[in-house]
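Values below: all heavy atoms of this structure, side chains included; hydrogens, waters and symmetry mates excluded. Order of the sequence lines sets the chain letters (A, B, ...), proteins ahead of strands, with each chain counted from 1.
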There are 2 protein chains.
Amino acid sequence: MRRAEGAVEPAEQGTAPRVGPCGVLCEDCRVRTISVCRALAGPALDELEAITLRIRLPAGRNLFDEGDPAESLFTLTEGMIKVFKMLPDGRRQITGFLLPGDFLGLAFFRSYAYSAEAVTDALLCRFPRDRFMALLERHPALEKELLSRASSELAAAQEQMLLLGRKSARERVASFLLGLARRQGAGSTKPVALPMSRWDIADYLGLTVETVSREIQAAKASGVIAMPDRHHFLVVDPRRLAAAAALG
Amino acid sequence: MRRAEGAVEPAEQGTAPRVGPCGVLCEDCRVRTISVCRALAGPALDELEAITLRIRLPAGRNLFDEGDPAESLFTLTEGMIKVFKMLPDGRRQITGFLLPGDFLGLAFFRSYAYSAEAVTDALLCRFPRDRFMALLERHPALEKELLSRASSELAAAQEQMLLLGRKSARERVASFLLGLARRQGAGSTKPVALPMSRWDIADYLGLTVETVSREIQAAKASGVIAMPDRHHFLVVDPRRLAAAAALG
DNA sequence: CGTGGCGTTGAGGTCTTTCAACGAGAGTGG
DNA sequence: CCACTCTCGTTGAAAGACCTCAACGCCACG
């Protein structure tokens, strides 16, 4: 869990695409970056672009730790990031898995209240905190967008509290699979990516790996889902999966 | 759980204090209201005051239900409110207990994502949603304050996820008591109010009433806390209580 | 004085965890 | 190429923390 020294480069400003750490994908990833930032910043896009740094984070590398000074904010443009808190004795609770487009580091505090680590290789936009805050002053629309996102995150957090406090192991796993399928916009034929380890799933659902493994096997055996391999699944029976998730 | 018809009155505008449902406390509660709203609105106070309605909510009455159209936002000025989500079969998860000064109903959605109910008799300021949003447009400082509060709430939610997902019953109860004591700014001699029922505590900590009762008794028996009565406690041994809470 | 909600306590049950073993696959180095 | 090691994932058996069911005391209330 060493600190990220992930390749950092200033945002593209000239016309010719530079070859960065992303190699040939660089121009493509720039397009995606702009698309994600536009969703975030709207009319403030140009100014946001000007303070954007691009970061590549290899799988397993951590972005920052709980307690680190919160010097940057991020948006994820590609890959998956996990966000978690730990107890002194090593117990861990993953509070979220981030997908492209998600915002990270919304902290009005001096230091991060949680740690963040790459699940898969990831690409992020990094914004220096002070410059981002200055941008916020000039663009109320950006602030409103952030408030809206914070509001959504809060709703998701409350849903997760319901899961952790009141759902059985079977319901937790079903809810998790269903949520993942929905976020990835999967029909019942398209396989859903499950890139995180069973340990990560367990720490997200407040269970042990063994229980997670058993429940996934049970779901497979009952024909609710199918698994082409251990890191992809198909929702075979959405109705039964939803029922198993105890949707409220 | 009927809907709140709690006495609603327009905010004071004249000079002479009207006698409202709060009776003789009205002027006092107006002072408190303004103080709370100033913390929220800063320089926008006057405009906020102009759209403020005061509500009195008796203990046990609910303010709104999950799914209701989100027509209002609130701040609590006195008493305690609980916020919760439910599953179709009746299982309940309380996601927070609100104290005076706390903001409620921060939803950029059409409807509330949770229910809210008074734990004790409560006084609130109610802001019509559309007028509040219009105010937000004109006062970026107010928006920033909201973002800051949302950010704090998110941090608290993550802390609670850690509790629900990874802490033992003993640790949960200890964390809860400690958190309550801190929020009420209690020294080790001043009793801390515990106005909610054991059922509420259980639904907040993801436990059963019986387990909550047993753990509270155990804490009492071990001399970590003392209880003058069933709804107040004293932190006798802060160090041991903190240790029992598995602080991270 | 009966009734009902709240809180506590006891005994037994069960769901999840703990402990343990094993197979598959990836990376290493001789 | 082949041991060797390590992580990941799965499965089984046993243990335990918390839940369920039940009974009881207390207090407010009609």
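Closest-nucleotide positions on DNA chain D for A:Arg166 and A:Ile216 were compared, and the one nearer the 5' end corresponds to A:Ile216. Ranked by how close their nearest DNA chain C nucleotide is to the 5' end, A:Arg230 and A:Thr208 are led by A:Thr208. The nearest heavy atom of DNA chain C to A:Glu215 and to B:Ser213 marks one nucleotide each, and the one closer to the 5' end goes with B:Ser213.
Counting atom types as modelled, B:Arg214 pairs a side-chain N or O with a base atom of D:dT20 as donor and acceptor under 3.5 Å.
D:dC19 atom P lies 14 Å from atom CH2 of B:Trp199, rounded to whole Å. Atom P of nucleotide C:dG7 and atom CE of B:Met196 are separated by 11 Å, given to the nearest angstrom. Distance B:Arg170 CZ to D:dG16 P: 16 Å, rounded to the nearest Å. The CG atom of B:Asp89 sits 15 Å away from the C1' atom of D:dT20 (whole-angstrom rounding). Put simply, CG on A:Leu205 is 10 Å from P on C:dT17, counting in whole angstrom units. In this structure, CD of A:Glu171 is placed 14 Å from C1' of C:dT16, rounded to the nearest angstrom. Atom CD1 in A:Ile201 sits roughly 13 Å away from atom C1' in D:dT10 (whole-Å rounding). If you take CD of B:Glu210 and P of D:dA23, they are 14 Å apart, rounded to a whole angstrom.
The side chain of B:Leu207 lies closest to D:dC18 when the candidates are D:dC18, C:dG10, D:dC8. When the nucleotides D:dT10, D:dC18, C:dG7 are ranked by their closest atom to the side chain of B:Arg198, C:dG7 comes out on top. Of the candidates D:dC18, D:dC8, C:dT16, D:dC18 carries the atom nearest the B:Ala169 side chain, counting heavy atoms from C-beta on.
Taking side-chain N and O atoms only, B:His231 has a distance below 4.0 Å to OP1 or OP2 of C:dG7. The phosphate of D:dC19 has OP1 or OP2 within less than 4.0 Å of a side-chain N or O from B:Thr211.
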* To do: Quick one: do A:Arg198 and A:Ser213 satisfy side chain to side chain donor-acceptor pair (under 3.5 Å)? Show the steps, please.
  => CA-CA 7 Å; A:Arg198 299 294 193 260; A:Ser213 182; 5.4 Å; no
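Between B:Asp102 and B:Arg149, none of the side-chain N atoms (NZ, or NE/NH1/NH2) sits under 4.0 Å from a carboxylate O, so this pair counts as no salt bridge.
A 4.5 Å side-chain heavy-atom check between B:Lys167 and A:Leu87 finds at least one atom pair inside the cut-off. With contacts defined as side-chain heavy-atom distances shorter than 4.5 Å, the pair A:Tyr114/A:Leu104 qualifies. Between A:Val192 and A:Ile225, every side-chain heavy-atom pair lies at or beyond the 4.5 Å cut-off.
Among the heavy atoms of the strands lying under 4.0 Å from A:Gln217 are primed sugar atoms or P, OP1, OP2 only; no base atom is included.
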